[in-house]
Amino acid sequence: MSSAEKVSTRRELAELIRGADPGVVLEDCTASDLDRMRESSATVDKALAAGLPVYGLTRGFGPLVRYPADSELEQGRGMIAHLGTGQGPPLDPAACRLIVRLRLNSMRKGYSAVSPVFWQRLAGLWNRGFVPAIPREGTVSASGDLQPLAAAALAYSGSGEAWVRNDQGVWSTRPASLVLAELGAEPLEWPVREALAFVNGTGASLAVAILNHESVLRLARAVAVLTGRLAGLLRVNPEPYQPAIGVARGQRGQLEAAEWLRRALPPALERDEARPLQEPYSLRCAPQVLGAALDQLDSVADVLAREARGCTDNPITSDGVVLHGGNFHAMPVGFASDLTGLVLHQVAYLAERQLAVLCDPVLNGGLPPMLTPRPGRACGLAGVQLSATSFVAKIRQLGYPASLTSLPTNGWNQDHVPMALNGANSVAEAAGLAWLVVGSLAVGIAQLDAMSGGGSGTSRPWPELAALSPPLEADRPMAAEVRAAGKLLADTAAELLAREHGR
């Protein structure tokens, strides 16, 4: 993937996320969309008229495909009802809104025999801000994310809960029937064609994976900012960040990461003669670690963007025939989430190791251990480092690949399942912890800056960081500072990426 292609794909995923923001309206179907949808419906009608078996319409679902079925509304109701088994707290509103948008995008492509009139009713409710509250647990992501998508379908039919947002932007859940009534909308009845097209897809695991990808990309950008600041304050040898090092190897991610690091270094940085020629790997090899992370994230972005552009339904229509297959199997998304989790761990681990450098008097330039100005009487960053270690350990627990947890189910019909949403949910939880590791390092750098007299700097985020984590004249609880520092670095990384990607 060329540099231009990877920036384009990163931008595409970012635009998908922004396209599900509150207040954004889904564009109407084009004439071509309508033609394709009508042609797909006509193909199914032709197959039914010819007496051909069609999954879900003339036959039952899953292992019950051997049995006949002949009522579209009864089948549609039964499909979403029997899948109403999702559990746990709902996914975030941003994820829930993106999930429905992704399904709407898939349904309009003309593979799924969806009625344009039904599509418009569903899209109209999305445009008016109806957001199903979708439970996060209970799908194996094999025939798509059945339970989460069925929960969304049930909310549109007036069952379950929906997210609502008040004037202050705070989200809460309410019964879906009440939210629909307040919108003056009738609950939807789900014919089986539309029910199949909605729940037979990777929309839930895909939406969470896309949101995770952006979070981890920001994480890498934030750690590059902090690494450059730490290198500058310690006055390490800047040679590892020179372009020639990356050119010699030829890895695109390494070249990009080194460029990010150079932007964060002070101008004309020269090595302090008291520093070693070669620093520990957490500093010297940061371009290699962050660069490898970027290369893998770009590979993931390509897979996720393709999934979002495509149709993950079953059956589909093509060239006038009905085809039964397995596009709803979420293995591409499952692998993407597993890889994202591995990348996240390495970036968080790099930040934790850099925190260890600045806490160690052998490596921090002779400053006191834990950067406390009162060794013995005070502990400085000891608590911060201990918690950061715990966060990384928990990230490792969460990072076990979900693709290794496949279990046959559904009467051996689904004998190979990807567990893609399980994996994406674990990555999302791990990302929250990783931002706490970043916040811990940022707080440590604020203390190093104050203690070494490096000057807080004038560019974002350094003045804000100095203000939220002032010098440690005495020990104090620092949990809130860590959280605030993590958010500050997340916002800074988002701004930098937006500028660098031209969005």
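Computation of the quantities below employed the complete heavy-atom set of this structure, encompassing side-chain atoms and omitting hydrogens, waters and symmetry-equivalent molecules.
Using bins of under 30°, 30° to 60° and over 60° for the plane-to-plane angle, the ring pair Trp190/Phe198 lands in the tilted bin.
Side chain of Arg11 to main chain of His501: a donor-acceptor pair is present (N/O by atom type, distance under 3.5 Å, no hydrogens or angles). The main-chain N or O of Pro148 is never found under 3.5 Å from a side-chain atom of Thr139 such that the two would form a donor-acceptor pair. Counting only distance, with no hydrogens or angles, the side chain of Arg221 and the backbone of Leu496 share no donor-acceptor pair below 3.5 Å. Judged by distance alone, with hydrogens and angles left aside, the side-chain atoms of Ser159 form no donor-acceptor pair with the main-chain N or O of Ala155 at under 3.5 Å. Of the possible donor and acceptor atoms, one in the side chain of Arg262 sits under 3.5 Å from a partner among the backbone N and O of Tyr241. Remark: side-chain polar atoms of Ser2 are paired, donor with acceptor, to backbone N or O of Glu5 under 3.5 angstrom. A distance-only check finds a donor-acceptor pair linking the side chain of Arg136 to the backbone of Pro89 [under 3.5 Å]. Remark: side-chain polar atoms of Trp119 are paired, donor with acceptor, to backbone N or O of Leu104 under 3.5 angstrom. Between the side chain of Arg103 and the backbone N or O of Ala197 there is at least one donor-acceptor pair closer than 3.5 Å.
Salt bridge Arg218/Glu500: absent, no basic N to carboxylate O contact under 4.0 Å. Using a 4.0 Å cut-off between charged nitrogen and carboxylate oxygen, Arg252 and Glu256 do not count as a salt-bridge pair. At a threshold of 4.0 Å, the pair Glu352-Arg396 does not count as salt-bridged, since none of the basic side-chain nitrogens sits closer than that to a carboxylate oxygen. Checked for salt-bridge contact, Arg18 and Glu214 meet the test: a charged N lies under 4.0 Å from a carboxylate O.
For the pair Arg97 and Trp163, the cation-pi test (distance below 6.0 Å, angle within 45°) is failed.
Between Cys311 and Lys109 the shortest heavy-atom distance is N-CD, 4.4 Å. Nearest approach of Leu261 to Gly228, heavy atoms of both residues: CD2-N, 3.8 Å. Taking all atoms of both residues into account, the shortest heavy-atom contact from Leu294 to Gly253 is CD1-O, 3.9 Å. Shown here for Asp145 and Ser141, the closest heavy-atom pair between the two residues is OD1-OG, 2.6 Å. Closest heavy-atom contact between Leu304 and His213: CD1-CB, 4.1 Å. The two residues Glu194 and Met107 have their closest heavy-atom pair at O-CE, 4.2 Å.
Between the side chains of Ser215 and Trp435, at least one donor N or O lies within less than 3.5 Å of an accepting N or O. For the residue pair Ser112 and Arg36, no side-chain donor N or O sits within less than 3.5 Å of a side-chain acceptor on the partner. For the 3.5 Å distance criterion, the side chains of Asp33 and Thr30 qualify, holding a donor opposite an acceptor.
By the ring-ring contact (aromatic ring centres under 6.0 Å, His included) test, Phe328 pairs with no residue at all, sequence neighbours left out. Take Ser337 and apply the side chain to side chain contact (heavy atoms under 4.5 Å, CB included) test, not counting sequence neighbours, and it matches Ala209, Ala424. Applying the salt bridge (Lys or Arg N to Asp or Glu O under 4.0 Å) test to Glu186 and every residue at least two apart in sequence or in another chain returns nothing. With sequence neighbours excluded, the residues forming a salt bridge (Lys or Arg N to Asp or Glu O under 4.0 Å) with Arg306 are Asp302, listed by chain and number. Partners of His416 by ring-ring contact (aromatic ring centres under 6.0 Å, His included), not counting sequence neighbours, listed by chain and number: His329.
Summarising the local packing, CZ of Phe118 is surrounded by more than 12 heavy atoms from other residues, nucleotides or ligands at distances under 6.0 Å. For Tyr111, the OH atom is loosely surrounded, since the number of other residues' heavy atoms within 6.0 Å does not exceed 12. Open room surrounds CG on Asp319; 12 or fewer heavy atoms of other groups in view lie less than 6.0 Å from it.
For residues 167-176, the set of pairs meeting the salt bridge (charged side-chain N to carboxylate O under 4.0 Å, His left out) definition, not counting sequence neighbours, comprises Arg174-Glu182.
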Checklist line | CA sep, side-chain torsions, deciding dist, call: Glu307, Thr202, side chain to side chain donor-acceptor pair (under 3.5 Å) | finding: CA-CA 8 Å; Glu307 190 82 350; Thr202 63; 2.9 Å; yes

Checklist line | side chain to side chain donor-acceptor pair (under 3.5 Å) between Thr340 and Asn212, worked out | finding: CA-CA 8 Å; Thr340 302; Asn212 288 341; over 6 Å; no

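Two residues are said to be in side-chain contact when any heavy atoms from C-beta on lie closer than 4.5 Å; Asp295 and Gln254 fail this criterion.
From Asn105, atom CG reaches atom CG of Leu16 across 7.0 Å, with rounding to the nearest 0.5 Å.
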